[in-house]
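Written below as structure tokens is the structure these notes are about.
Computed from heavy atoms alone, side chains included, the values below leave out hydrogens, waters and symmetry copies. In what follows, every chain begins at residue 1, and chains take the letters A, B, ... in the order their sequences are listed.
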Amino acid sequence: MALEARGTPESLPGLDVVSTTPETKQSTSGVALAPELPYARVVLDQPVPHLDHPFDYSVPLSMHDDAVPGARVSVRFGAQKLNGYILERRADVEAGVSPIPLLKVLTPFPVLNPLVATAARAVADRYAGTLSDVLRAAVPPRAASVDKEFRTEAEVSEAEAGSRAASSSFDSSESAWRHYEGGPDFLAQLAAGESPRAVVTVLPQAAGDWTQLVTDALTATHASGRGTTVVVPDARDLQLLETRLAEHEPAIDVARLNAEDGPTPRYRNFMSVALGRTNVAIGTRSAAFAPLKAPGLYILWQDADQSLNEPRAPYQHAREVLLLRASLEGAGLLILSTSRSAEAQRLVATKWALELAAARDVRRSFSPRIVVTGDDFEREKDPFLHASRLPRAAWTAAKDALEKGPVLIQVARTGFVPTTSCERCRAAASCKHCHGPLSLSHASAVPTCQWCGRVANAWSCDVCGFTKLRARAIGADRTAEELGRAFPKFPVVSATGAQPKYEVSDKPQLVVATPGAEPRAHGGYQAALLLDGDRSLMREGLRVSEEVVHRWFDAVSLVKSASEGGRVVIAASQTDATQALVRMDAPGFAWRELEQRRDVNLPPACRSAVLEGPARSTDEFVESLSLPETVSVLGPVAFENPGTSGDYLHRWLLFFTYADGPNVAKELKNAKIRSSTHRKPVVSVRVDDSRAL
DNA sequence: AGCACGCCGACT
DNA sequence: GTCGGCGTGCTC
């Protein structure tokens, strides 16, 4: 806590030096300094790479109590006023440094706790970014009114903390963990104060859903007197978990950390963790930096979800943040997913983490029956099915299932008919004038060019000459409309990212959802139809099939078991991806993916960096790098600057081993420092950004 | 962002 | 020989 000031008289500006007591140090500006540890090492909130190191300031006597390590301060830096955080209080400064006083303590509480400061430094280093960039995600913006609340509260209740009774004893034989080999052991280790690391592919909902697994792991950790942080991809999952915890563990105080809750509640919840009043934090990606006092376990749900990538520099992924924290802090790690990312598989393959899996017959007993039916083939022959966009097997499954309960229909993506193709040969339809893509809008049935805006009145296919168009990736709204016509007796609900719905009843109904937005059905869906498979798999990109498999497994996990009549129909051609679903073998699929990446030396079998920027400076940037021989450097690729015309940028790719990672990141950071001190145009550096590849 | 220090050209 | 151009680097 705050250092205790001894009864040194406060000296006023302009007061004679002689009048201060001999022990009281003076700063160069003549202000009386704190009696103990009169200097503060400060990290500046300034994202310029060459300022990414601590600066020492003196602590005026008046700020002695408030200037605690982790406090938010305001300082003079050259001509400007900047904010920053105190990393530590010190007795001395390095030779040659003449410190000036802190201007102000903005938040007199440790909003940047030492564990978080260390972890944030490690994250910055790993991603060749600056500490202040990482802190922007780790520490929420200040809300002055909240600081005030806590300031007055702190005065009232000084000795409240302390005995946090390790209360709850739990019985793992009752837990959903009993279905997983090694599951009860895992809980026992956590309860005993150990820090195991595990990767788990969760069983379908019939075996008890993921929130039960999370709750039990959290409770076990709590019993050892330690805290837990749970990171989930989005507000829907956060809501589900919060509800579950409130119902089953009302005695455990939980802080909810979500940027979307708004600045004031966000900061208030954050503060309750930072001050040690709450030892359990749940939230979206930035909750990975929750400032727990005694972290025992980090849990990540659905680590393959794209929203766990921070969209701002240095583009860190919550999985990597938690991995670093678990290592640095000696805490446990639990990655839970309905499927298995190649990254998580790598942790299992290198034996860094345990794999806790259900036996094959257990897996089978909780799984729905899964069939694969061609995406297009059967539909061609049946005019009705053709119109409704449903393969026959899917239509039949839906019809039967609707006798008993809700049916989930997962479609590729949101929006209303983005592009079009020839109805006969399926070639993409393009504009006769400029070859831009044609689209159908809701308002008119006439296809319009997305580039030049011309209306294609008399369109004919470039390839086969046919004159009819069809919609390509059809969105959720359109599908809902069509299904409403196909099953007029049942209500149709649609759930997308923009219009979310978290839960539906067990009544017969059609639920159309885009990936990631599937509502949970009370008691599980009777059936799920996974549409648009081939079209989704046709997309460009290294990790498309992995992504499609993830979202299929997500949907499957919400369906009742086969013994309760649960059915899943996948409308896609037979591939490794569909095979993985039929066998319910997400780890096997991830293992093959990882092996293939290893063969061709692509992430996540290796690490990567993408460098982008103005052609000249980017090339110079790459040229200036001194990298180990083993790094492969690919480029440059020229591409048009989005938003401008005729402005070309260059992109370079670096692939390197995990062993070379720290050195490569360090060299990239050094090059950024060189480039920024010479006021060169900014080259963006993205380390391990799976979306950029 | 601003300020100091430093190495070349114009002037007393 | 001295004043001042702004170009480069540093700011605790």
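For the pair Arg268(A) and Phe150(A), the NZ or CZ position fails the cation-pi test of under 6.0 Å to the six-membered ring centre and within 45 degrees of the ring normal. The cationic atom of Arg651(A) (NZ for Lys, CZ for Arg) lies less than 6.0 Å from the six-membered ring centre of Phe639(A) and within 45° of the ring axis.
Atom CZ in Phe55(A) sits roughly 11 Å away from atom P in dC10(C) (whole-Å rounding). Across the protein-nucleic acid pair, His50(A) atom NE2 and dC12(C) atom C1' stand 14 Å apart, rounded to whole Å. Nucleotide dC10(C) holds its C1' atom 19 Å from the CZ atom of Arg674(A), rounded to whole Å. Atom-to-atom, NE2 of His53(A) to P of dC12(C) comes out at 10 Å; the value is rounded to the nearest Å. For the pair Asn83(A) CG and dC12(C) C1', the interatomic distance rounds to 16 Å; values are reported in whole Å. The separation between Leu33(A) atom CG and dC12(C) atom C1' is 14 Å, rounded to whole Å. One can place CD1 of Ile673(A) at 19 Å from P of dT8(C), the figure rounded to the nearest angstrom. Whole-Å rounding puts the Leu51(A) CG to dC12(C) P distance at 11 Å.
Looking at heavy-atom distances under 4.0 Å, His678(A) makes contact with sugar-phosphate atoms alone, never a base. Here Phe77(A) lies in heavy-atom contact (under 4.0 Å) with a base. No engagement by Leu44(A) is indicated, since no non-hydrogen atom pair under 4.0 Å with the nucleic acid exists.
Comparing dG2(B), dC12(C), dT11(C) against the side chain of Asp56(A) picks out dC12(C) as the nearest. Side chain of Arg679(A), nearest nucleotide from dT11(C), dC12(C), dT8(C): dT8(C).
The pair Glu88(A)-Arg90(A) counts as a salt bridge, with a side-chain nitrogen and a carboxylate oxygen less than 4.0 angstrom apart.
At a cut-off of 3.5 Å, with distance as the only test, a side-chain donor of Arg226(A) or Ser195(A) sits close to an acceptor on the other residue.
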